[in-house]
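Here is the naming used below: chain letters follow the sequence lines, and residue numbers restart at 1 for every chain. Everything quoted here is computed from the prediction, not taken from an experiment.
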Number of protein chains: 2
Amino acid sequence: MNLVSNPATGHTARLAPLVGACLGSMQRPASTRTPLDIADTMKLLGNCLAPQRRVVRAGAVLYAAGERFRTLYVLNTGLMKIVSTASDGREQVVGIKFRGDWLGFDGIAEGVYACDAVAVDTGEVWGLVYDEVLAACAESPALLGLLHAAMSRQIGRDRESLMSVCTLPADARVAEFLRQWAESLERSGLRFDQITLPLTRAEIGNFLGMTLETVSRALSKLAREGVIDFAGRGRRDICIGDTGALAAFVQRCLAPVRTSACLLQ
Amino acid sequence: MNLVSNPATGHTARLAPLVGACLGSMQRPASTRTPLDIADTMKLLGNCLAPQRRVVRAGAVLYAAGERFRTLYVLNTGLMKIVSTASDGREQVVGIKFRGDWLGFDGIAEGVYACDAVAVDTGEVWGLVYDEVLAACAESPALLGLLHAAMSRQIGRDRESLMSVCTLPADARVAEFLRQWAESLERSGLRFDQITLPLTRAEIGNFLGMTLETVSRALSKLAREGVIDFAGRGRRDICIGDTGALAAFVQRCLAPVRTSACLLQ
DNA sequence: CGCCACTTTGAATTAGCTCAAATTCCGTGG
DNA sequence: CCACGGAATTTGAGCTAATTCAAAGTGGCG
């Protein structure tokens, strides 16, 4: 019997028409769909899936590695970090999540979360029970498209991280990190010329594969060169006049490096 | 109208019952499903989805960044690398694919592949048109579970890469690389005590974020310490007596390093 | 106010990189 | 079959970017 598309509960039957209505404009193959912006996506999810809203205070653990996987989350406000811990205790920030990002995909394969999701800032997440999402997707290919796009984007994002860590010198990595932060804020519809880093230098360094001292020095250098400015008293508020300047800084760091051989072929 | 679950073509209708039959044993929620081994998974996919089999010769490009996304691939035999190219030309090997691995997920979000997939070794891939996969999934939640598990596993795998690059010194990174290679072979059901690296030192180094010289030195050191042995005259065949020895080597490299502060909280 | 966690900056150290040379391997053609 | 050439690999020697260690500065909060 087909568990999901013919659910025993009436839950799905109640939701599905709504989903269809909400996502009506997306009834095209995923490959030709124009991307929704995040505000719209959140609105659709909110209307269609009756998510369980949950406030997470700074420092709170949304889920921890090893916990049984049941629900996916979408971040509505705030900021979260994804921390992976190796069996020998090495800890690594493997992702930073902004408004509109999904959390928990890593749990699907094994039925158990593989990482910890920790709130860096107080915010609100929407919990979506995975089985219910699947049920709703069975009725609405558009919702399925949304889900797959989110997973796909995460895969792409993770690869960008690896690329940064592997190919950029420390200073450029920090600049690129800020650039992508600003980009994420822009996607979220928030102002991105002035950003507040709720992460410590140690956390940033861990994420970028360098020490906190190196992060500090890199930020100082960026400020010295006028690419960024420190706003406010604490040095956690950063003004980015122009994201182009950050990109230019990255290229400047890269210039003297030998161009790696062509890996294609 | 519901494009996928009520397809206009008869194609899906023809496939769907087959899928249901093939995957009958998996009609449980993903979170409680016992994982299939790769041979079984391949057999199921082969029986259920009528994939387009395609031989790729060493060096061939399966798909390239920028090409329109239409099909996902599953690697049946051989070995492929996923190469990401930044806008400034930096190239990065962001993944290595073994038997049973899926390729192309990165294309779903934007409808365009984000990376190049290049055959490192002659092999065979199975092409699955994404829209047809979706159609089949609409009829078979089990197949959807397979798809999501593959994506989820890729996300987990990518994070492991980032963890290695960020937290391990070069020697340990090479050891860990070999360990995971052996693990992948084991998963594929192939012998893994003796592995042949069809990648050049430069490719390995690129993937691991170090120079080819460093890879070479690390391999020499591993051989000197008896953790691996070079078989054959070309130094591309490597005997791994015991994957535990590789893990131990990693820990030995790690020992003198200060333990990073607890990032949780 | 005074503590504590975070940050900055400096100075010394080192892991990994760059550059260079020698060696091996393999395919090709005589 | 052997000689040759090109590509990949190994190994050595210096150099440099980033780390480690240390100390001083800053801000937030009870």
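- A:R201 places its CZ atom 12 Å from the C1' atom of D:dT26, with the value rounded to the nearest Å.
- For the OP1/OP2 pair of D:dT10 and a distance below 4.0 Å, the side-chain nitrogens and oxygens of B:S220 include no atom meeting the criterion.
- For A:M210, counting side-chain heavy atoms from C-beta on, the closest listed nucleotide (C:dT9, C:dC17, D:dT19) is D:dT19.
- Counting any heavy atom pair closer than 4.0 Å across all strands shown, B:R173 reaches no nucleic acid atom.
- As rounded to whole Å, 17 Å separates atom P of C:dC6 from atom CZ of A:F230.
- Rounded to a whole Å, the CG atom of B:L219 is 10 Å from the P atom of D:dT9.
- Of the possible polar contacts, one joining the A:T77 side chain to the A:E124 backbone as a donor-acceptor pair under 3.5 Å is found.
- Listed candidates were D:dA18, C:dT7, D:dC21. Nearest to the side chain of A:E213 is D:dC21.
- Contact annotation for A:G209: backbone-only contact, meaning every heavy-atom pair under 4.0 Å involves sugar-phosphate atoms and none involves a base.
- Rounded to whole angstrom, the span from the CG atom of B:N206 across to the P atom of C:dG16 amounts to 17 Å.
- Salt-bridge annotation for B:E183 and B:R179: present, with a side-chain N of the basic residue lying under 4.0 Å from a carboxylate O of the acidic one.
- Separating the CG atom of A:L208 from the P atom of D:dA17 is a distance of 19 Å, rounded to the nearest angstrom.
- Closest contact between the side chain of A:T200 and the listed nucleotides C:dT7, C:dC17, C:dT8 involves C:dT7.
- No hydrogens or angles were tested; on distance alone, nothing pairs the side chain of A:R235 with the base of D:dG25 as donor and acceptor under 3.5 Å.
- Between A:D237 atom CG and D:dG27 atom P there is a gap of 12 Å when expressed in whole angstrom units.
- Looking at the side chain of B:S216, the nearest of the listed nucleotides C:dG16, D:dA18, D:dT9 is D:dT9.
- Using a 4.0 Å cut-off, some side-chain N or O of B:T211 falls inside it from OP1 or OP2 of C:dC17.
- Residue-level contact check: B:R236 touches the backbone only, with heavy atoms under 4.0 Å from sugar-phosphate atoms and none from bases.
- Looking at A:R217, its side chain comes within 3.5 Å of the base of D:dT20 through a donor and an acceptor atom.
- Between the side chain of A:Y63 and the backbone N or O of A:Y113 there is no donor-acceptor pair closer than 3.5 Å.
- Rounded to an integer number of Å, the gap from A:L197 CG to C:dC6 P is 15 Å.
- No hydrogens or angles considered: a donor-acceptor pair under 3.5 Å links the side chains of A:T167 and B:R90.
- For A:L168 and D:dA17, the CG to C1' distance is 14 Å, given to the nearest whole Å.
- A donor-acceptor contact under 3.5 angstrom links the side chains of A:R187 and A:S184, judged on distance only.
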